[in-house]
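Please read the structure below before turning to the comments.
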Amino acid sequence: FMADDGNYRETRYFTAWKRSGSEPHMLSPSLQKVTGQASVPFGDAAIQALNTTFGAETCEELWTPRSPHIKMGLSGVEVIG
């Protein structure tokens, strides 16, 4: 969901993620050196930490009828920001 009405024009700078899940995003050589990893997941996903699972949604997603937090909560995500 993208806020694209009234004062908001998110589609000027962003494209909505149309795929399900996530895909690997390759890091630059300098970030690979600092983090010790070659890629990071990018897309629609939750993060599993040692003691909890968390996810995030932004702006328009919060008040749409099929908000991502509904699926996240039903899937066990405990913290949504």
Side-chain angles (χ1 to χ4, degrees):
F1 304 99
M2 301 287 287
D4 207 29
D5 54 350
N7 294 325
Y8 304 101
R9 299 279 184 253
E10 288 183 356
T11 55
R12 289 182 297 177
Y13 306 106
F14 304 103
T15 302
W17 184 261
K18 300 287 186 192
R19 298 177 211 128
S20 178
S22 64
E23 61 186 43
H25 174 74
M26 297 305 294
L27 296 174
S28 67
S30 59
L31 284 174
Q32 288 182 24
K33 185 176 180 180
V34 171
T35 63
Q37 61 192 72
S39 66
V40 295
F42 185 85
D44 184 11
I47 298 172
Q48 176 69 51
L50 186 59
N51 294 318
T52 192
T53 304
F54 61 95
E57 61 184 7
T58 59
C59 200
E60 186 102 355
E61 295 174 330
L62 296 169
W63 56 82
T64 58
R66 293 183 299 138
S67 296
H69 69 263
I70 297 169
K71 184 178 176 183
M72 284 188 243
L74 292 172
S75 298
V77 174
E78 298 173 309
V79 180
I80 302 168

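Note: E57 CD to I70 CD1 = 8.5 Å, rounded to the nearest 0.5 Å. Here the straight-line distance linking atom CG of D44 with atom OG of S20 works out to 6.5 Å at 0.5 Å rounding. From H69, atom NE2 reaches atom CG of L74 across 9.5 Å, with rounding to the nearest 0.5 Å. Taken to the nearest 0.5 Å, the OG atom of S39 stands 11.0 Å off from the CD atom of E23. We find the OG1-CD1 distance between T52 and I47 to be 11.0 Å, quoted to the nearest 0.5 Å.
Taking the side chain as every heavy atom from C-beta outward, V79 and T53 never approach each other to under 4.5 Å. Contact check for H25 versus P41: no side-chain heavy atoms found under the 4.5 Å cut-off.
Taking each heavy atom of N51 and E78 in turn, the nearest pair found is O-OE1, 3.8 Å. Minimum interatomic distance between V77 and A46 (heavy atoms only, all atoms of both residues): CG2-CB, 3.7 Å.
Distance alone, capped at 3.5 Å, is enough to place a donor-acceptor pair between the Q32 side chain and the L27 backbone.
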